[in-house]
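Every chain is numbered from 1, with letters handed out A, B, ... down the list of sequences.
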Protein chains: 2
Amino acid sequence: MNILEKITNELDMLSKSERKVAEVILASPNTVIHSSIAALAKQANISEPTVNRFCRRLDTKGYPDFKLHLAQSLANGTPYVNRHVDENDTADEYTSKIFESSMASLELARKSLDANDINRSVDVLTQANKISFFGLGASAIVAHDAQNKFFRFNVPVVYFDDILMQRMSAINSRQGDVVVVISHTGRTKSLVEVASLAKENDATVIGITTTGTPLAKECSIVLSVDVSEDTDLYMPMSSRIAQLALIDVLATGFTLRRGSKFRDNLKKVKDSLRSSRFERKD
Amino acid sequence: MNILEKITNELDMLSKSERKVAEVILASPNTVIHSSIAALAKQANISEPTVNRFCRRLDTKGYPDFKLHLAQSLANGTPYVNRHVDENDTADEYTSKIFESSMASLELARKSLDANDINRSVDVLTQANKISFFGLGASAIVAHDAQNKFFRFNVPVVYFDDILMQRMSAINSRQGDVVVVISHTGRTKSLVEVASLAKENDATVIGITTTGTPLAKECSIVLSVDVSEDTDLYMPMSSRIAQLALIDVLATGFTLRRGSKFRDNLKKVKDSLRSSRFERKD
DNA sequence: CAGATTTATGAAATAAAATTTCATTTTTTC
DNA sequence: GAAAAAATGAAATTTTATTTCATAAATCTG
């Protein structure tokens with residue numbers, strides 16, 4: 001994808017003159033994107049048609065098209081890929097890597113989500129008699145956050161990060177109740193059991209998990225949040241960030257479905273916190 | 001910087017014909033980067049010189065230079081800008097907007113962070129006798145998450161999302177203890193008080209908050225997490241995602257500082273969870 | 001290793017694209 | 001509503017890129 005890498009890879013396949021072009025480009029790509037074909041040819045001490053042939057060999061239409069690809073490759077280095085933290089990274093380096101990996105995960109997760117499933121979930125949530133959010137470990141905080149959000153909507157909502165409470169709650173659930181089960185791996189035994197218990201009791205079970213996991217199979221609706229957890233140093237990192245974004249999406253969907261009067265209410269909830277805060281001077 | 005935003009911003013400054021050009025470009029920028037000036041002029045039903053003048057008005061040298069800028073702006077997929085959710089958005093639209101806003105916030109937050117402060121924080125954390133994480137509301141889950149992470153490091157760590165517990169804990173703190181106070185607004189009275197109490201008792205206070213807030217003034221080290229909370233429908237959204245990413249950074253810094261033997265330990269912690277999960281078939 | 005064949009290269013010609021010039025139209029101002 | 005200013009496009013010009021083709025270099029063959 002990145003044209004600079006491609007040039008490096010295909011360096012052997014190039015002829016002598018074409019390689020001269022490649023070297024000039026690799027040496028200062030930022031100059032090249034502002035050069036005409038004539039300027040580049042002169043710089044590399046070869047003729048203009050050679051530059052043109054070089055561009056075609058890299059599967060671009062010609063010189064202007066090549067410059068476009070080059071410009072894109074230079075924009076922000078390589079944008080938002082999962083970069084691995086290295087033992088010797090400086091604070092600045094690992095900070096960037098972690099933030100960028102988080103962004104990459106959000107991008108991935110967004111692609112794995114299906115708008116239909118979100119719509120159905122919002123439908124079900126707005127009509128629920130009771131909403132429960134269940135998660136364990138890192139997903140517990142996602143459930144915790146969901147409670148914090150849905151609580152503002154003045155609907156009966158609970159969250160449990162305790163296996164026994166989750167089981168009891170699942171067993172007591174009934175038609176019209178919605179149980180949201182959150183698990184990145186989708187393989188946590190007790191959570192899969194809880195999902196199936198809730199389902200047996202006619203609750204609607206929404207799973208926030210990775211595609212195709214045991215948990216996914218037990219759910220009425222699956223909201224797929226696929227991320228690559230490569231950067232993780234044995235800790236869940238990107239997965240919960242993507243899950244939180246999904247909670248935001250559900251909460252937003254909920255408020256939109258409820259209409260504008262409802263949102264005025266939310267403002268009141270927020271305003272009620274004002275007295276607990278220091279005034280803003282500006 | 002981003003030329004698409006720039007076009008949007010300067011839409012009012014443009015003449016009628018130039019605006020036509022702008023609209024065609026905004027509608028399908030990806031087509032435009034492969035069009036000649038003639039093709040674009042035809043598309044917008046105006047003449048070629050108009051396109052040229054349009055390009056110059058955006059401070060580019062001419063059409064080819066403009067295309068270069070456009071290509072670079074498009075290189076990061078869709079640029080992550082804070083897009084507002086609209087009343088009539090479809091599920092697909094608000095999902096995209098929320099994910100993109102989260103990404104935009106991560107980008108912003110990353111820029112507001114100072115590597116030096118992170119380094120100092122990691123120093124302090126690795127040497128702490130006891131670590132406490134305090135947050136309220138949406139920031140409570142960030143504190144919760146931090147506990148979940150640092151707990152794996154086998155260091156004494158607690159988290160409180162209860163005002164009284166926080167106060168008591170702060171009063172009992174002493175030199176060598178680290179108190180991490182998390183608040184997006186940095187104006188929550190009780191948290192600011194807790195920070196100052198902890199400081200009076202010689203604990204090191206790390207604040208995860210916005211630059212220049214009352215809380216920031218009470219802290220030994222401030223980790224600035226600035227995000228624009230525009231998209232929020234009266235709920236904290238992007239801020240906590242950025243804060244969580246920062247927790248990841250601190251946790252990562254911690255493990256790096258502790259060396260490779262320590263990381264083997266983390267692997268053991270993770271492996272200990274295996275029996276609670278269903279096996280992977282692949 | 002000579003000769004044949006293929007491949008690589010650049011000069012020149014051509015084509016394409018972008019820019020400038022300038023006359024005409026539209027809009028604004030008083 | 002006339003004069004001035006700004007906007008616009010047709011045509012000319014210039015710049016840039018591509019194609020053609022002749023020649024040179026490299027590779028192969030017996």
Discussion item. Between B:Phe66 and B:Phe54, does the ring pair (Phe, Tyr, Trp, His ring centres under 6.0 Å) criterion hold? Intermediate values first, please.
Written reply: CA-CA 9 Å; B:Phe66 168 80; B:Phe54 167 84; 5.7 Å; yes
Checklist entry - Counting just side-chain N and O atoms, does B:Thr50 come under 4.0 Å of either OP1 or OP2 of D:dT8? => result no
Rounded to whole Å, the NZ-P distance (A:Lys20 to C:dA8) equals 15 Å
note: A:Leu14, atom CG; D:dA26, atom P; distance rounded to Å ~ 17 Å
OP1 or OP2 of D:dA26 less than 4.0 angstrom from a side-chain nitrogen or oxygen of A:Lys16, does that happen here?
-> yes
Numerically ordered, the residues 37-49 of chain B set in heavy-atom contact under 4.0 Å with DNA chain D is B:Ile46, B:Ser47, B:Pro49
Establish, with yes or no, whether the OP1 or OP2 oxygen of D:dA7 is under 4.0 angstrom from a side-chain nitrogen or oxygen of B:Ser15.
-> no
Electrostatic pair A:Asp117:A:Arg120 at N-O distance under 4.0 angstrom: yes
Hey, does the side chain of B:Arg56 come within less than 4.0 Å of C:dT20's phosphate (OP1/OP2), counting only N and O? yes
Rounded to whole Å, the NE2-P distance (A:His34 to D:dT16) equals 14 Å
When rounded to whole Å, the CG to C1' distance for the pair A:Asn52 and C:dA16 reads 12 Å
Whole-Å distance, B:Tyr63 OH to C:dT20 P, equals 16 Å
Practice item. Name the orientation class of the two ring planes belonging to A:Phe153 and A:Phe254 (parallel below 30°, tilted from 30 to 60°, perpendicular beyond 60°). Key: parallel
- Message: Students often get this wrong, so: under 4.0 angstrom with heavy atoms, is A:Arg19 touching a base, only sugar-phosphate, or nothing?
- Response: nothing
Separation of C:dA8 atom P from A:Arg53 atom CZ, nearest Å, is 9 Å
When every non-hydrogen atom of A:Phe99 is compared with those of B:Leu246, the smallest separation belongs to CZ-N, 4.2 Å
(message) Quick test of your reading of the model: are A:Arg240 and B:Asp248 salt-bridged, counting only N-O distances below 4.0 Å?
(response) yes
Practice item. Establish, with yes or no, whether the OP1 or OP2 oxygen of C:dA18 is under 4.0 angstrom from a side-chain nitrogen or oxygen of B:Lys61. Key: no
Would A:Thr252 and A:Val249 satisfy side-chain contact (heavy atoms from CB on, under 4.5 Å), going step by step from the backbone distance to the final call? CA-CA 5 Å; A:Thr252 302; A:Val249 170; 5.7 Å; no
Of the candidates D:dT8, D:dA17, C:dT9, the side chain of A:Glu18 sits closest to C:dT9
Can you confirm whether B:Gln43 is buried at CD, in the sense that more than 12 heavy atoms of other residues, nucleotides or ligands lie under 6.0 Å from that atom?
no
To the nearest angstrom, the CZ-C1' distance between B:Arg57 and D:dA7 comes to 9 Å
From CG of B:Asp65 across to P of D:dT16 the rounded distance in Å is 12 Å
